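Step one of this worksheet: look at the structure below.
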Amino acid sequence: MPASGLFITFEGMDGSGKTTQMRRLAARLRAMGRTVLETAEPGGTPIGAKIRRILLDGANQELCPTAELLLYFASRAQNVDEWILPALGRGEVVLADRFTDSSLVYQGYGRGLGAENVMALDRIACRGLQPHLTLLVDIDAETSLARAHARNQAETSSETRMDEQSLEFHREVYRAYHELAAREPERVKLVNGRAGMDEIEAAIWRLVSPNV
Ligand SMILES: Nc1ncnc2c1ncn2[C@@H]1O[C@H](COP(=O)(O)OP(=O)(O)O)[C@@H](O)[C@H]1O
Ligand SMILES: [Mg+2]
């Protein structure tokens, strides 16, 4: 594990408030004088941004599940190598909007590709790097779909491929996230995503502040 940095990941269903809360946490940490790297998946690095366009394009309905999984890990490997490990080595705080846990729940469980396969790829792409803390912003599948649709309509986004999955798929993802939180309670902390934004920000700060 790199020397003095702190690696925090945000997880949760689409529309749970990860991006909103990550921005707020970054602002708080910067106000304390910490250097913060914010990164989002898929994407982050310039190469990752190109991979992101393939993954989220609603026109790519024929993308097969294995190719999808490998593209996520390709983006992640680039991010770990180019940005995350160097920043942690400099003692910075790295905030990641999704990481390997997303592959585990969406591809490993949601698509049924198997947790073992996902973790085998994690060992190659992330080389032992694990988040110190994972904030699981928790909302149910129905709320997730409603918020994501509202947001995509407001932005006239073409990044709709994941929201077009069935409610059943999103329910499986929800179940898998809860199983993960139960299995790794020291690392994965549940935060109620249906609370108000300020309340969630305060709950997250209570979890993060002892570490900074
Ligand atoms: N606590 C909250 N209560 C109600 N709406 C929220 C809350 N947090 C975020 N939102 C809204 O839900 C949508 C998705 O939030 P976002 O932060 O983009 O989620 P994510 O990054 O997890 O997909 C946005 O329109 C955002 O303004
Ligand atoms: Mg987001």
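Residue numbers count from 1 along this sequence. The figures here come from the full heavy-atom set of this structure, side chains too, leaving out hydrogens, waters and symmetry mates. As the structure lists them, so they are numbered: ligands from 1, and atoms in each ligand from 1. What you see is a predicted model; the values in this text were computed from it and never measured.
The side chain to side chain donor-acceptor pair (under 3.5 Å) check on Gln21 picks up nothing, with sequence neighbours excluded.
Atoms CE and CD1, from Met119 and Ile124 in turn, are 12.0 Å apart once rounded to the nearest 0.5 Å.
Among protein residues, Met13, Asp14, Gly15, Ser16, Gly17, Lys18, Thr19, Thr20, Arg147, Arg151, Gly193, Ala195, Gly196, Met197, Ile200 come within 4.0 Å of ligand 1, judged on heavy atoms.
Side-chain atoms of Arg98 do not come within 3.5 Å of backbone N or O of Glu41 as any donor-acceptor pair. With hydrogens and angles ignored, the 3.5 Å screen pairs no side-chain donor or acceptor of Ser103 with any backbone N or O of Val118.
Both tests pass for Arg76 against the ring of Phe99: distance under 6.0 Å to the centre and angle within 45° of the axis.
Under 4.0 Å is where a charged nitrogen must lie from a carboxylate oxygen, and between Glu68 and Arg111 at least one such pair does. Ion pairing between Glu142 and Arg147 fails under the 4.0 Å rule for side-chain N and carboxylate O.
Near-neighbour remark for the Mg ion (ligand 2): protein N, O or S atoms under 2.8 Å are Thr19 OG1; waters not counted.
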> Would Leu180 and Asp101 count as a side chain to side chain contact (heavy atoms under 4.5 Å, CB included) if you check the C-alpha gap in whole Å, the side-chain angles of each, and the deciding distance to 0.1 Å?
Replying inline: CA-CA 8 Å; Leu180 174 70; Asp101 295 324; 3.6 Å; yes
Under 3.5 Å, sequence neighbours excluded: what are the donor-acceptor pairs made by side chains of residues 203-210?
from, atom 1, to, atom 2, distance (Å)
Ser209, OG, Trp205, O, 2.7

